[in-house]
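Ligands are counted one by one from 1 in listed order, and the atoms in each one are counted from 1 as well.
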Amino acid sequence: MTQLGHFPVMLDEVVQYLDPQSGETYVDGTFGGGGYARAILEKADCKVIGIDRDPAAVLRGQEFKTQYKDRFQMLEGCFGDLEQLLDQAKIDKIDGIVLDLGVSSFQIDDPARGFSFRFNGPLDMRMGNSGISAKDLVNSASVEELKFILKTYGDERFAGRIASEIVKRRVTTPFETTNDLASVIRRLVPKSKDGLDPATRSFQAIRIVVNNELDEITKVLVAAEKRLAPNGRLVVVSFHSLEDGLVKHFLKTKSGNIPNVSRFTPILNQEKAESTFKVLTKQAVKPTFAEIKTNSRSSSARLRAGMRIDASASKLKGD
Ligand SMILES: C[S@@+](CC[C@H](N)C(=O)[O-])C[C@H]1O[C@@H](n2cnc3c(N)ncnc32)[C@H](O)[C@@H]1O
């Protein structure tokens, strides 16, 4: 079913963990349709900086200005470049950042963007205006690269088979459309019992690589550590285990929970890095059954949150 607009996923939980306060400044690093930004602006008399790499989302953000005036600012760019974007907006510290990873319904439901195997369209999948498209990738990557991409980012059992067929076919007929690619995959991958389209995993894998999605997460986590004020919140909603794993590992490490390499070589206290975050979610928070029922897209969502702590202050207190 084509959705009109985008239903924000785990909205109540996001607001609860971000805990917006009047007079503070928050970043919505994945503005999309502005569902999170609006909820934050309505919750407290605060300021929100919206970031999105998609010019269509940036246009939607401009409309927010009419309603929220100086309390809202929209920036076009990648959240991985958080520091440069904040410098550009002349903002030093922020009191919270929220990320809702992946694509919006606006993007996936628009055939012209080439994200979905459900509609025919140009094989593009770029969230922004620049970089290589899915078509470039599929028509130029080696068989080993394609196999690696499909296996690593799509967990595709038939990665080798699909990669070989892509490389064979493109010699005579380069890939142009989403249907070109989906039909090749559907011929090679058996239908699963759960009704999942056989092209799902491969499309997801290619999208992750086209948009450099995992590097973006690594970059924004490092930047958030630098730019969050003491007590500032980091809230991330992921839809893929690799994304969630990066956030989990970051929060674990930055909260001082560094696993020892071996119990025979304990890390000496003085070698342990200072803790810069407190983990607010012991386990990843999942959407409620009621939310999954009304918005099936939320089913794989996992929320993790942390609070920036002032390392020097906690040291003084002897923590
Ligand atoms: C799932 S949607 C966000 C929806 C939003 N929370 C809402 O309630 O409407 C993800 C958005 O993040 C954007 N995005 C994804 N990765 C990005 C990145 N690295 N930098 C900036 N924007 C990104 C996408 O273009 C998309 O608009």
Requested in this report: Check each atom of ligand 1 against the heavy atoms of G77 and keep those under 4.0 Å away; list them by number with element.
Outcome: 20 (N), 21 (C)
Query raised in the report: So is R38 in contact with ligand 1, going by heavy-atom distances below 4.0 Å?
Result: no
Query raised in the report: Cut-off 3.5 Å, side chains only: do N211 and E216 have a donor facing an acceptor?
Result: no
Query raised in the report: Would you say the side-chain atoms of S192 and D194 include a donor-acceptor pair closer than 3.5 Å?
Result: yes
Query raised in the report: Of the protein's non-hydrogen atoms, which lies at the shortest distance from atom 19 (N) of ligand 1, and what is that distance?
Result: E216 OE1, 2.9 Å
Report task. Return yes or no for this condition: an N or O of R297 is under 3.5 Å from an N or O of ligand 1. Result -> no
Report summary line: For atom 9 (O) of ligand 1, the closest protein heavy atom turns out to be G33 N, 2.9 Å
Query raised in the report: Is K65 atom NZ crowded by more than 12 heavy atoms from other residues, nucleotides or ligands, each under 6.0 Å away?
Result: yes
Report summary line: min-distance protein heavy atom vs atom 4 (C) of ligand 1 -> D100 OD2, 3.3 Å
Query - Numbered atoms and elements of ligand 1 in range of G34, under 4.0 angstrom, heavy atoms - result: 7 (C), 9 (O)
Report summary line: Of all heavy-atom pairs linking D136 and S140, the shortest is O-OG, 2.6 Å
Query raised in the report: Which atoms of ligand 1 are found less than 4.0 Å from any heavy atom of P8?
Result: 8 (O)
Requested in this report: Write out the residue and atom name of the closest protein heavy atom to atom 20 (N) of ligand 1, then the distance separating them to 0.1 Å.
Outcome: F79 N, 2.9 Å
Report task. Give the numbers and elements of all ligand 1 atoms closer than 4.0 Å to a heavy atom of G29. Result -> 21 (C), 22 (N)
Query raised in the report: Hey, are Y68 and R38 close enough side-chain-wise for a donor-acceptor pair under 3.5 Å?
Result: yes
Query raised in the report: In the protein, what heavy atom is nearest to atom 10 (C) of ligand 1, and what distance, to one decimal place, separates them?
Result: G102 O, 3.2 Å
Query raised in the report: Without hydrogens or angle criteria, can the side chains of Q21 and D19 be said to hold a donor-acceptor pair below 3.5 Å?
Result: yes
Report task. Looking only at protein heavy atoms, identify the closest one to atom 27 (O) of ligand 1 and say how far it is in Å. Result -> D52 OD2, 2.7 Å
Query raised in the report: Under 3.5 Å between some N or O of ligand 1 and some N or O of C78?
Result: no
Query raised in the report: Between A57 and ligand 1, does any nitrogen or oxygen pair lie at a separation below 3.5 Å?
Result: no
Query raised in the report: Salt bridge or not for E76 and R53, using N-O below 4.0 Å?
Result: no
Query raised in the report: What is the nearest protein non-hydrogen atom to atom 15 (C) of ligand 1, stated with its residue, atom name and distance?
Result: M127 SD, 3.1 Å
Report task. With heavy atoms only and a cut-off of under 4.0 Å, state how E213 meets ligand 1: side chain, backbone, both or neither. Result -> neither
**Report entry** Residues R118 and D197 bridged, charged N to O under 4.0 Å
**Finding:** no
Report task. Please identify which atoms of ligand 1 are closer than 4.0 Å to at least one heavy atom of F31. Result -> 5 (C), 7 (C), 9 (O)
Query raised in the report: Should the pair E83-R227 be classified as a salt bridge under the 4.0 Å nitrogen-to-oxygen rule?
Result: yes
**Report entry** F72 and F31 aromatic centres sub-6.0 Å
**Finding:** yes
Query - Residue S104 vicinity, atoms of ligand 1 by number, heavy atom under 4.0 Å - result: 2 (S)
Query raised in the report: Does D310 reach the main-chain N or O of P230 with its side chain, forming a donor-acceptor pair under 3.5 Å?
Result: no
Query - Sidechain N-carboxylate O distance under 4.0 Å for D81, K219 - result: yes
Query raised in the report: Taking only heavy atoms of D54, which atoms of ligand 1 are found under 4.0 Å from at least one of them?
Result: 25 (O)
Query raised in the report: Nearest protein heavy-atom contact for atom 12 (O) of ligand 1: which residue, which atom, what distance?
Result: T30 CB, 3.2 Å
Query - For H6, the ligand 1 atoms whose distance to one of its heavy atoms is below 4.0 Å - result: 1 (C), 4 (C), 7 (C), 9 (O)
Query raised in the report: Just heavy atoms, cut-off under 4.0 Å: does F106 contact ligand 1 by side chain, backbone, both, or neither?
Result: neither
Query raised in the report: Looking only at heavy atoms, is any part of L11 under 4.0 Å from ligand 1, and if so is it the side chain, the backbone, or both, or is it neither?
Result: neither
Query - Working for salt bridge (Lys or Arg N to Asp or Glu O under 4.0 Å), residues K47 and E24 - result: CA-CA 6 Å; K47 202 174 164 187; E24 302 208 322; over 6 Å; no
Report task. Indicate whether the side chain of T218 and that of D215 have a donor and an acceptor atom separated by less than 3.5 Å. Result -> no
Query raised in the report: Which one holds for R53 and ligand 1: side chain close, backbone close, both close, or neither close, with close meaning a heavy atom under 4.0 Å?
Result: both
